[in-house]
Structure formats: structure tokens, C-alpha cells
Amino acid sequence: MSPEDIEKLQFSFGQMVPKKDLIAEKFYRRLFEVAPAVRPLFKGPIDQQGNKLVLSLKQIILSLKQPNDLMSFLSKLAKRHVDYGAEPAHYAVVGEVLLWTFQDVMGDDFTPELKDLWGAAYGVISDAMIKASAQHSL
Ligand code: HEM
């Protein structure tokens, strides 16, 4: 991703921050509708989970410019996810639901360009997490 792309993602994230509770609420409602099988993996209160998700996205977006920090953060996050029961196939559905939620909550602010950029960023993140989970499972 180019520095300009990262700036755009950071700007877009900034637009989402005031709506983070709504984003988290809609994200989980939609995720459990389209993938009910993952519901039992989530043990804690969902409102706190939503906050954690948004905070981790913030950290990821901020560290896109420091790939080494990012990869070590994602690798640890991925290993914890293996223990939560997350499987490689779940990453695609989570990515789809995330983009759906951003579109739904942000409306016209979530331009086609931003949708592509978020899709690309999620691709980088989920590829790294899936690879790290495969190593953890060995
Ligand atoms: C980019 C992708 C993802 C990010 C950034 C992310 C982020 C997080 C964060 C920050 C936590 C809080 C606990 C911790 O830090 O270890 C968490 C917990 C969790 N995540 Fe994810 N996650 C992602 C993908 C997924 C996927 C694909 C699944 C599969 C269903 C999943 C299922 C879970 C579960 C089950 C928990 C624990 C919830 C609980 O203890 O109740 N996550 N996630």
C-alpha cells in the first residue's frame, strides 16, 4: 500500500471513530446472522468485544507504515485467535461483514475507492493472520 493509500485509510478511520459503537453493534449482529456457527466462539460481552475490535483496527491502521511492528502484532493476535477457535475460512466472512458494516454506517462517505482500500488492507491483515495461525497450529 502506498503512503497516500495509508493516509486515506487513516482519514477514513477518523471518520468512523464517532460511530464506533454503532459499527461494532451492526458488525456483530450481521456476522451472527450470516455465520451463526461462529456465535459460540464469542464468550465475553459483545459490546466490549466491539470496542476491542475497533481499537485493534486503529492500531493496525496506525502501524501500516511500520510493517515490522504490524507483522509482530498480527502474529500474536492470530495465535490468540487459534485458541479462540477461529479458522482460516472465517477470515473471509469477517472481512465481508466488516466492509458491509462500514458501507451501511458511513453511507456516501464510504466511497468506492475507500471500499477498495479497506478491502486491500483487510487482505494484507488476514493473509498475515492466516499464515501465522498455520504456524501456531503445527
Ligand atoms: C482482521 C481480523 C481480526 C481482528 C483485527 C480481530 C481482533 C480481535 C481482538 C482485538 C480481540 C480481543 C482479544 C485479543 O486481543 O486477543 C478479538 C477476539 C476474538 N476474535 Fe477476533 N479479530 C479478527 C478476526 C477474527 C475472526 C476471523 C474470527 C473468527 C470467528 C474472530 C473471532 C474472535 C473471537 C472468538 C474472539 C474472543 C472473544 C471472546 O473471548 O469472547 N476474530 N479479536
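All ligand and atom numbering here is 1-based and tracks the order in the structure. Residues take their numbers from the sequence shown, with the count starting at 1.
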Tell me: protein heavy atom nearest [atom], and distance?
| atom | answer |
| --- | --- |
| atom 39 (C) of ligand 1 | Lys43 N, 3.5 Å |
| atom 16 (O) of ligand 1 | Tyr84 OH, 2.4 Å |
| atom 18 (C) of ligand 1 | Gln49 NE2, 3.2 Å |
| atom 15 (O) of ligand 1 | Arg80 NH2, 3.0 Å |
| atom 35 (C) of ligand 1 | Leu41 O, 3.3 Å |
| atom 34 (C) of ligand 1 | Phe42 CE2, 3.5 Å |
| atom 5 (C) of ligand 1 | Ser56 OG, 3.5 Å |

List the steps, then state whether side chain to side chain contact (heavy atoms under 4.5 Å, CB included) holds for Val94 with Tyr122. CA-CA 10 Å; Val94 164; Tyr122 185 83; 3.5 Å; yes
How does [X] reach ligand 1, if at all, at less than 4.0 Å between non-hydrogen atoms: by side chain, backbone, both, or neither?
| X | value |
| --- | --- |
| Glu87 | neither |
| Val94 | side chain |
| Leu77 | side chain |

Between [X] and [Y], is there a donor-acceptor pair closer than 3.5 Å when you use the side chain of the first and the backbone of the second?
| X | Y | answer |
| --- | --- | --- |
| Ser63 | Gln59 | yes |
| His90 | Ala86 | no |
| Lys65 | Leu62 | no |

Note, Lys26 side chain near Val105 side chain (heavy atom, < 4.5 Å):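 They are in side-chain contact.
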Do the non-hydrogen side-chain atoms of Arg30 and Asp104 ever get within less than 4.5 Å of each other?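 Side-chain contact under 4.5 Å: no.
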Using a 4.0 Å cut-off to any heavy atom of [X], which atoms of ligand 1 qualify?
| X | value |
| --- | --- |
| Ile125 | 1 (C) |
| Gly44 | 39 (C), 41 (O) |
| Ala86 | 28 (C), 29 (C) |

Going by heavy atoms, is Leu57 under 4.0 Å from ligand 1?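 In this structure, Leu57 fails to qualify as a contact of ligand 1 - no heavy atom is under 4.0 Å.
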For the pair Phe13 and Trp118, name the ring-plane relationship: parallel under 30°, tilted 30 to 60°, perpendicular over 60°.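 Aromatic pair Phe13/Trp118 classed tilted.
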May I ask you to check whether [X] has an N/O atom sitting below 3.5 Å from an N/O atom of ligand 1?
| X | result |
| --- | --- |
| Tyr91 | no |
| Leu53 | no |
| Lys52 | no |

Salt-bridge contact Glu33-Arg29 (side-chain N to carboxylate O under 4.0 Å):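 Salt bridge flag = no for Arg29 with Glu33.
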Over 12 non-hydrogen atoms of neighbours within 6.0 angstrom of NZ in Lys79: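 Counting neighbours around NZ of Lys79, more than 12 heavy atoms of other residues, nucleotides or ligands fall under 6.0 Å, so yes.
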Under a 4.5 Å side-chain heavy-atom rule over Ile, Leu, Val, Met, Phe, Trp and Tyr, are Leu98 and Leu117 clustered together?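 Same cluster.
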Verify the ring-centre separation between Tyr84 and Phe42: is it less than 6.0 angstrom?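 Here the rings of Tyr84 and Phe42 have centres that are no less than 6.0 Å from each other.
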Closest approach to atom 21 (Fe) of ligand 1 by His81, given as the N, O or S atom name: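 The His81 atom nearest to atom 21 (Fe) of ligand 1, restricting to N, O or S, is NE2.
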